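The structure displayed is predicted, hence computed values, not measured ones. Order of the sequence lines fixes the chain letters, A, B, ..., with proteins taken first and strands second; residue numbering starts at 1 for each chain.
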There are 2 protein chains.
Amino acid sequence: MSAAPDDAPSAGRGRRAARLSGDDRELAILATAERLLADRPLAAISVDDLARGAGISRPTFYFYFSSKDAVLLSLLDRVVAEADTAMREVFGAPATTPRDGWARAIGTYYETFRAHRALTVAWARARSTSDEVRALWSEVFERWVQQCATAIDAERARGAALPGLPSRDLAVALTSMNERVLYATFSGDGPAIAESDVVDVLLGIWLSAMYGAQTPG
Amino acid sequence: MSAAPDDAPSAGRGRRAARLSGDDRELAILATAERLLADRPLAAISVDDLARGAGISRPTFYFYFSSKDAVLLSLLDRVVAEADTAMREVFGAPATTPRDGWARAIGTYYETFRAHRALTVAWARARSTSDEVRALWSEVFERWVQQCATAIDAERARGAALPGLPSRDLAVALTSMNERVLYATFSGDGPAIAESDVVDVLLGIWLSAMYGAQTPG
DNA sequence: TGCGTGTCTCGACAGCGTGTTGACTCTTTC
DNA sequence: GAAAGAGTCAACACGCTGTCGAGACACGCA
């Protein structure tokens, strides 16, 4: 729990407080990172940029975070939590039709990433650089694959989805597709699908892969 | 046995016909890069490693390549040419059945990457780092997407494939899926599909997305 | 009031990596 | 045998990361 150090109500500018609290500095670093990430890749942002942006010196930065990647990781932890909650909700609530249920799932996935596109792109790129980012992503990805595979099994058990490929393999492939396609759409590098169409396209492929048709009964 | 050097000084780009020893060094750098890439990522290989591996000093390296990325790019140019040729062959030859045709296309894609897995993984990772790698990849990807979209249109025109999503969007999504899934399978990070199953899984999804069933008539 | 103690801060340093410069050595060619 | 130019490297300039040690500041406590 954090004690509330509210002795410094923001009174506009002016250097009243000789010293900001630790929490404020940490938040300032995080905010600076998100701001800077909006227009250049993490690789082009130095620890010094982050520190100066937060009004501190480079060594002081290291008091709060062990590295540049740690900042990204911290930023991402929140998004992951958000996405997880949203996904659990989707898979928990019953859907009126299979199409509707999957549409909501893919739509949620899309919206979550879209709401943090700079972060999403930075994240995807940092995966090649940082083992920690890679590990965190794998974890999240694995959870989604499992939820997905479980849902496919359920649909097959009730006779709606066709048998065929192992549900886990199907889930891995389809989730991978979503990840890659959304990255392309958000980052804008390479051939991509328009933002307005991407959910429909993904949904169509998911449905035909599971039900053999794009409009299951 | 090197071919006769081009005596006609035509307006060619790149390095002029150089001395044999120069060519040897260039090849040595390339070979060193491929060897080192087999057991550590490009980011963990310095220009000095490359130079020493090729028996030259670091400044001399810069006589041959403008950067580390340029070496990767050079290595990759060959693989791209190889893959392009293989793909053109596949799309050029008539298939006995749709399933067979697509199976050959995906299989070729798989084999090409598999034959150069270290390079493939390095490439995928370098995409986040180097604009040039990113640009080259986009180009290749775009070509594949176009071939694919053309093939889908042809299948629809003859009444075999179902109408539905725009063929280009479908092609982008499916090709993206292949890329991401194969990367996961080859790199081994994150949830992946076993090498022995990956072509079947991808094929199944492609077929149902295009024909509405995994065994089109 | 004075004195820990823990939090916070930064100047200075060590280290590693990149890319460049200028001088030097070998070959080839006329 | 001298000019041209390909090939080579020690030494440098620079930028970035991460660390260390010496403080500055706030706070509870005697």
(message) Between Arg168(B) and Asp197(A), does any side-chain N to carboxylate O distance fall below 4.0 Å?
(response) no
Report the residues that fulfil side-chain contact (heavy atoms from CB on, under 4.5 Å) with [X], sequence neighbours left out, ordered by chain and then residue number.
X: Ala173(B); result: Met177(A), Val181(A), Ile193(A), Val201(A), Ile205(A)
X: Arg114(B); result: Tyr110(B), Glu111(B), Arg117(B), Phe186(B), Glu195(B)
X: Ala124(A); result: Tyr183(A)
X: Thr150(A); result: none

Let me check something: any side-chain donor-acceptor pairs from residues 132-139 of chain B under 3.5 Å, sequence neighbours excluded? List them with distances.
| from | atom 1 | to | atom 2 | distance (Å) |
| --- | --- | --- | --- | --- |
| Arg134(B) | NH1 | Arg127(B) | O | 2.7 |
| Arg134(B) | NH2 | Asp131(B) | OD1 | 2.5 |
| Trp137(B) | NE1 | Glu179(B) | OE1 | 3.1 |
| Ser138(B) | OG | Gly190(A) | N | 3.4 |
| Ser138(B) | OG | Arg134(B) | O | 3.2 |

Nearest-Å distance for atom pair [atom1]/[atom2], residues [X] and [N]:
X: Asp24(A); N: dT7(C); atom1: CG; atom2: P; result: 17 Å
X: Phe63(B); N: dT20(C); atom1: CZ; atom2: P; result: 14 Å
X: Phe61(A); N: dG11(C); atom1: CZ; atom2: P; result: 17 Å
X: Ile56(B); N: dC9(D); atom1: CD1; atom2: P; result: 7 Å
X: Phe65(B); N: dG7(D); atom1: CZ; atom2: C1'; result: 15 Å
X: Arg25(B); N: dC26(C); atom1: CZ; atom2: P; result: 14 Å
X: Arg52(B); N: dT8(D); atom1: CZ; atom2: P; result: 15 Å

dG7(D) phosphate, OP1 or OP2: any side-chain N/O from Thr60(B) under 4.0 angstrom? no
Discussion item. Does dT8(D) have its OP1 or OP2 closer than 4.0 Å to a side-chain nitrogen or oxygen of Tyr64(B)?
Written reply: yes
Show which side-chain atoms of residues 100-109 of chain A pair as donor or acceptor with protein atoms under 3.5 Å away, not counting sequence neighbours.
| from | atom 1 | to | atom 2 | distance (Å) |
| --- | --- | --- | --- | --- |
| Asp100(A) | OD2 | Thr96(A) | OG1 | 3.3 |
| Trp102(A) | NE1 | Tyr211(A) | OH | 2.9 |
| Thr108(A) | OG1 | Arg104(A) | O | 2.7 |

Any N/O pairs under 3.5 Å between the protein and nucleotides 12-18 of chain D? List them or say none.
| from | atom 1 | to | atom 2 | distance (Å) |
| --- | --- | --- | --- | --- |
| dT17(D) | OP1 | Val47(A) | N | 3.3 |
| dT17(D) | OP2 | Val47(A) | N | 3.3 |
| dT17(D) | O4 | Arg58(A) | NH2 | 3.4 |
| dG18(D) | OP2 | Tyr62(A) | OH | 2.9 |
| dG18(D) | N7 | Arg58(A) | NH1 | 2.6 |
| dG18(D) | O6 | Arg58(A) | NH2 | 2.4 |

ask   = Are any of the side-chain heavy atoms of Cys148(B) and Trp206(B) separated by less than 4.5 Å?
value = yes
Under 3.5 Å, which donor-acceptor pairs link side chains of residues 30-38 of chain B to any protein atom two or more places apart or in another chain?
| from | atom 1 | to | atom 2 | distance (Å) |
| --- | --- | --- | --- | --- |
| Thr32(B) | OG1 | Ala28(B) | O | 2.7 |
| Thr32(B) | OG1 | Gly53(B) | O | 3.4 |

Note: contacts of residues 30-38 of chain A with DNA chain D (heavy atom, under 4.0 Å) are none
Taken in chain and number order and not counting sequence neighbours, the residues that satisfy side chain to side chain donor-acceptor pair (under 3.5 Å) with Asp153(B) are Ser167(B)
Enumerate the protein-to-nucleotides 22-24 of chain C contacts in which both atoms are nitrogen or oxygen and the separation is below 3.5 Å.
none

Enumerate donor-acceptor pairs with a distance under 3.5 Å from any side-chain N or O in residues 83-90 of chain B to protein atoms, sequence neighbours excluded.
| from | atom 1 | to | atom 2 | distance (Å) |
| --- | --- | --- | --- | --- |
| Asp84(B) | OD2 | Arg143(B) | NE | 2.8 |
| Asp84(B) | OD2 | Arg143(B) | NH2 | 2.5 |
| Thr85(B) | OG1 | Ala81(B) | O | 2.8 |

